[in-house]
Amino acid sequence: MATTASGHRHSVPVQHPEGHNGRLAAVQSLAVLRVATGLLFLWAFVDKTFGLGYATAAKNAWIDGGSPTRGFLSHVDVGPFAETLRSWGGTWWADWLFMAGLLGIGLAVTFGVGLRISAITGTVMMLLMWVAEWPLSRTNAAGEPTMSTNPIIDYHLIYALVLIALAATAAGNTWGLGERWSRLSIVDRNRWLR
């Protein structure tokens with residue numbers, strides 16, 4: 001705040017050291033991060049749906065009756081929720097929720113729409129996956145090493161933080177449909193849909 005000769009206070013805008021170019025680079029970097037993150041979720045959806053042979057073998061493709069959750073959840077052998085998570089693996093509702101989440105989050109983040117709801121649902125998904133891997137433990141139920149590299153911060157939490165940062169910075173407005181989306185009447189009335 002600065003004071004004028006008449007004693008009135010007014011705010012002095014803080015100038016970014018690199019000015020407009022620095023701000024432009026920042027928003028464009030967030031846009032690239034947004035698209036890359038969205039494509040990460042979409043790739044997981046496509047690979048699990050069609051069994052492209054990366055994380056999902058062709059014989060386990062969802063489209064051919066495979067379960068996108070059975071492989072991951074049936075091998076949970078660490079943490080206080082291991083038994084519950086194993087029982088969820090391969091159930092129809094877990095498969096559908098997981099795949100709908102991957103597709104919905106992937107599309108929304110890639111196109112820059114619904115970033116708030118994507119941040120919430122994506123964070124819930126990532127936290128559940130963090131719980132399934134339970135990086136706090138160094139060994140599993142059989143006493144074998146879990147290969148955890150960090151007891152707290154793992155890639156699931158980083159993905160969640162990225163989703164939150166993208167929503168908080170309105171990253172969908174650059175190279176995305178965020179501004180158009182926010183002008184829709186339903187979104188304007190329900191700001192949580194931004």
Side-chain angles (χ1 to χ4, degrees), residues 1-2 4 8-50 52 54-56 62 68-69 72 93-133 135 150 152-194:
M1 294 289 238
T4 62
H8 290 62
R9 299 186 78 160
H10 67 282
S11 61
V12 177
V14 176
Q15 295 295 318
H16 191 282
E18 297 179 30
H20 176 72
N21 288 338
R23 287 188 300 276
L24 181 60
V27 297
Q28 289 176 342
S29 296
L30 284 169
V32 169
L33 179 63
R34 175 183 53 78
V35 172
T37 303
L39 292 176
L40 184 77
F41 280 87
L42 285 176
W43 175 258
F45 173 81
V46 169
D47 185 48
K48 290 178 186 320
T49 300
F50 300 105
L52 301 179
Y54 289 88
T56 306
W62 192 38
T69 62
F72 180 67
W93 59 267
D95 288 346
W96 277 93
L97 281 175
F98 181 63
M99 295 300 280
L102 289 176
L103 179 62
I105 295 164
L107 288 173
V109 174
T110 300
F111 290 109
V113 300
L115 293 182
R116 289 181 182 175
I117 194 76
S118 295
I120 293 166
T121 56
T123 296
V124 169
M125 178 186 283
M126 291 300 107
L127 289 176
L128 285 169
M129 293 176 82
W130 183 90
V131 165
E133 290 194 0
N150 186 310
I152 303 203
I153 304 296
D154 80 338
Y155 63 101
H156 296 107
L157 296 184
I158 298 301
Y159 292 157
L161 291 172
V162 166
L163 290 170
I164 292 166
L166 294 173
T169 59
N173 292 349
T174 302
W175 300 338
L177 302 173
E179 286 187 41
R180 283 186 183 170
W181 175 260
S182 66
R183 287 194 301 263
L184 295 174
S185 60
I186 189 168
V187 177
D188 189 44
R189 287 191 313 272
N190 300 286
R191 298 183 66 77
W192 60 272
L193 290 172
R194 289 187 169 201

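Hydrogens, waters and symmetry mates play no part in the numbers below; they use all other heavy atoms, side chains included.
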Taking atom CZ as the centre, does F111 end up with more than 12 heavy-atom neighbours from other residues, nucleotides or ligands that are less than 6.0 angstrom away? no
Mind checking the OG1-CG spacing from T110 to L42? Nearest 0.5 Å is all I need. 4.5 Å
How far does CH2 of W62 sit from OG1 of T56, to the nearest 0.5 angstrom? 12.0 Å
For K48 and L102 the tightest heavy-atom approach is CD-CD1, 4.1 Å
Evaluate the side-chain contact (heavy atoms from CB on, under 4.5 Å) criterion for residues M129 and Y155: first the C-alpha distance (whole Å), next the side-chain angles of each, then the deciding distance (0.1 Å), finally the verdict. CA-CA 10 Å; M129 293 176 82; Y155 63 101; 5.9 Å; no
Indicate the atoms forming the closest heavy-atom contact of V187 with S182, along with that distance. CG1-CA, 3.8 Å
Separation between CE of M126 and OG1 of T123, rounded to the nearest 0.5 Å: 8.5 Å
Give a yes or no answer on whether the side chain of N190 reaches the backbone of W192 with a donor-acceptor pair at less than 3.5 Å. no
Gap between atom CZ of R34 and atom CG of L39 - 0.5 Å precision: 9.5 Å
Hey, does the side chain of T174 reach the backbone of A171 with a donor-acceptor pair shorter than 3.5 angstrom? no
All heavy atoms of L30 vs all of T169, minimum pair found to be CD1-OG1, 3.6 Å
If you measure from CD1 on I105 to OH on Y159, what distance do you get to the nearest 0.5 Å? 13.0 Å
Please step through side-chain contact (heavy atoms from CB on, under 4.5 Å) for the pair L193 and R116, ending with a clear verdict. CA-CA 6 Å; L193 290 172; R116 289 181 182 175; over 6 Å; no
Under the criterion side-chain contact (heavy atoms from CB on, under 4.5 Å), I'd like the reasoning laid out for V32 against W175: C-alpha separation, chi angles, the key distance, then a yes or no. CA-CA 9 Å; V32 169; W175 300 338; 3.7 Å; yes
Picking from L157, L33, V109, L40, what satisfies side chain to side chain contact (heavy atoms under 4.5 Å, CB included) with V162? L33
Would you call W43 and L52 a side-chain contact if the rule is heavy atoms closer than 4.5 Å? yes
Out of curiosity, W130 CH2 to I158 CD1, how far, rounded to the nearest 0.5 Å? 13.0 Å
Compare every heavy atom of D47 with every heavy atom of A55, then report the nearest pair and how far apart it is. N-OD2, 2.9 Å
Do you know which two heavy atoms are closest between F41 and G106, and how far apart they sit? CB-CA, 3.6 Å
Side chain to side chain contact (heavy atoms under 4.5 Å, CB included) partner of T69, the single match among F98, W96, W93: F98
Minimum heavy-atom separation for G114 and A108, please, with both atom names. O-CB, 4.5 Å
